[in-house]
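Working notes, beginning with the structure itself.
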Amino acid sequence: MTIRTTRTGVLGAFLLTLLALFLAPPAQAGDPLTEKSAGRKYALQSKGATDKAGRSMCVSAEINDAGNQAGKLRARTPCKLDILGSWETFTLHTNDKGSHAALRSEANGLYVSAEFHDSGSHMGMLRARQSGAIGNWERFELVPQGDDGWYALKYNFTEGGKSQDYYVSAEVNSTGSDEGLLRARASAENAPGSWELFQLLQLPSSSEPPSPASTPERKINVLTWNACGNNSNCQMYDYSVDGFTGAIATQAKEAKAGVILLQEFCEKMAKPLEQKLEKELNGGADAWDVRFAPIQHAIGKSGRWAQKSCAKNRGAYGVAIAVPAENTWYKAVELNSPEKTERRTALCAAVQSWAVMACTAHFSTGGKGYDDPERHVQQAQAAHLAEKVAGYPGYRPVFGGDLNATPTVTPKDSTVPVLQPLYQKFKECDPTNTVTAGNSKLDYLFAPNTATWAPCHVGGTAGPSDHKPVWGTVTLPAR
């Protein structure tokens, strides 16, 4: 808005400025149960709105609208990726291994639904309003349109024995509060036009941690546990939120843990776990930061990735890490995985005052009948993890997790163990190779070769998970 301030226009300019400030949408903090994630985040660019405006235009979720307008999606915001807010930020999710994707708004943590029970110009309107699990109204197919990154969003509406496919359109010729409104209303029997074309623009994330501090010799108690939060064969699967976080807090108490590495974890447990640890271990003081990173599936042939969903509407599925509350930097490390399977992940978080980079990881499942039957990909994941955790200058890596391989297992036609890239560069907590899951050692803790582990413990029983917890005290030399 340009305001001229002549002698006769000063008051009017002042009033217009106040009006602009009043109408500006407030900053959004997002859903506290989903804002702890290091998963990929996207802006959604509309080609129709871009062509009309002559500059890149992105989709916003109108979180401040009321009633059945709340959370409606409009292509109405300039795409300046470094300054876009939560209203323009979305994550992708899937509960069918990537056949379809659901969009979730970062502003309110709700999935986008197509409103086919609305009428008239709002029939098929897209709104960020679903708090439950992903259902048919939240599933979209990403249909690539050429090689320049544009997609059509196909939606199937089935009801009363009738089924029809639609493309999502941006209503760029509408006016007022409906200008740029997204609706699933163009018949998929016809080729999509510019109004039906969108790009998913990945938003930048923090690339470098803060400079580590100098520190004296330090002892740190570290715990790793596969918490079995998405496996219906485990007791943990049926636990309430309080029961699930309480079980982890109990293990943390026994380990006197200062760092906790978790696998098979559900995203919406991160904030409750942070609060539970603070209550049980620190008398309610702000002492912990819990972060999450998702395991992903490729979305069809779109070249994009969506987060795998946990059951029981507990958000995405992946790994988590709990570190001291000073943490301000964390990053997902996506591990190359076998094609057409889950893309596994690691997650690192910086503890600046300790000069420690703490990382948790969950490798692909190897062996006959599993994702990586010949275990070559597992070995590549070990090499990748070894490179990444050591790649933060000044930080000492302390890491581990469920690596889904024993210390001696080798890939097909190889004599080099799967985990040799880790043993070559780092010192492992338990050299006696105590069984941690079933009849095998699958869970590990590593630190630099200059460190010492003493003692190292493995839990006596696997329940209520199918993995035993592993914890130890690592002594890191002064830095």
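Count residues from 1 along the sequence. Since the model is a prediction, treat every value here as computed from it, not as a measurement.
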Inset, instruction - Ignoring hydrogens and angles, tell me if any N or O in the side chain of R479 forms a donor-acceptor pair with the backbone of A213 under 3.5 Å. - result: yes
Legend entry - Within the 6.0 Å centroid threshold, strictly below: W329 and Y392: yes
Legend entry - Pairing residues for R291 by the side-chain hydrogen bond (donor to acceptor under 3.5 Å, both in side chains) criterion, not counting sequence neighbours: D289, Y330
Inset, instruction - Return yes if some donor-acceptor pair links the side-chain N/O of E326 with the main-chain N/O of S353 below 3.5 Å, else return no. - result: yes
Legend entry - Distance-only side-chain donor-acceptor flag, D96 / T94, under 3.5 Å: yes
Legend entry - Salt-bridge contact E171-R74 (side-chain N to carboxylate O under 4.0 Å): no
Inset, instruction - I would like to know whether T341 and T365 meet side-chain contact (heavy atoms from CB on, under 4.5 Å); could you show each step before the answer? - result: CA-CA 10 Å; T341 67; T365 307; over 6 Å; no
Inset, instruction - Using modelled atom types only, decide if a donor and an acceptor are shared between the side chain of Q378 and the backbone of D372 within a distance under 3.5 Å. - result: no
Legend entry - Audit row: E274, K36, salt bridge (charged side-chain N to carboxylate O under 4.0 Å, His left out) steps and yes/no: CA-CA 10 Å; E274 184 177 296; K36 308 289 286 185; 2.7 Å; yes
Legend entry - Working for salt bridge (charged side-chain N to carboxylate O under 4.0 Å, His left out), residues R129 and E138: CA-CA 10 Å; R129 63 89 173 164; E138 290 75 47; 5.0 Å; no
Inset, instruction - Rounded to the nearest 0.5 Å, what's the gap from CG on L203 to CD1 on I83? Could you check? - result: 12.0 Å
Inset, instruction - Would you check if there is a donor-acceptor pair between the side chains of S56 and T50 at a distance under 3.5 Å? - result: no
Legend entry - Any residue meeting salt bridge (charged side-chain N to carboxylate O under 4.0 Å, His left out) with K52, in chain and number order, not counting sequence neighbours: E179
Inset, instruction - Output all residues satisfying salt bridge (charged side-chain N to carboxylate O under 4.0 Å, His left out) with R344, sequence neighbours left out; order by chain, then residue number. - result: E342
Legend entry - Short side-chain to backbone donor-acceptor contact, W305 and I299, under 3.5 Å: no
Inset, instruction - Would you please name every residue forming a salt bridge (charged side-chain N to carboxylate O under 4.0 Å, His left out) with E278, sequence neighbours left out? - result: none
Inset, instruction - Kindly state whether the ring of Y42 and the ring of F90 have centres lying under 6.0 angstrom apart. - result: no
Inset, instruction - Scan for ring pair (Phe, Tyr, Trp, His ring centres under 6.0 Å) pairs involving residues 132-152, sequence neighbours excluded, and state none if there are none. - result: H117-W137, F140-Y155
Inset, instruction - Determine yes or no for a side-chain-to-main-chain donor-acceptor pair under 3.5 angstrom, with T360 supplying the side chain and L262 the backbone. - result: yes
Legend entry - Electrostatic pair K72-E115, nearest N-O below 4.0 angstrom: no
Legend entry - Side-chain ion pair, R183 and E196, N-O less than 4.0 Å: no
Legend entry - Q202 side chain to L200 backbone, donor-acceptor under 3.5 Å: no
Legend entry - Side-chain donor-acceptor contact under 3.5 Å, N156 with D165: yes
Inset, instruction - Would you kindly check if the NZ (Lys) or CZ (Arg) of K308 is within the cone defined by 45 degrees around the ring axis of Y317 and under 6.0 Å from the six-membered ring centre? - result: yes
Legend entry - Donor-acceptor contact present, side-chain E141 to main-chain K154, <3.5 Å: no
Inset, instruction - Using distance alone, with no hydrogens and no angle criterion, decide if N226 and E264 have a side-chain donor and acceptor under 3.5 Å apart. - result: yes
Legend entry - Of Y166, Y167, F116, the residue whose pairing with F157 passes ring pair (Phe, Tyr, Trp, His ring centres under 6.0 Å): F116
Legend entry - Lys NZ or Arg CZ of K276 over F244 ring: under 6.0 Å, within 45°: no
Legend entry - Sequence neighbours excluded - side chain to side chain donor-acceptor pair (under 3.5 Å) pairs with any residue from residues 293-303: Q296-E334
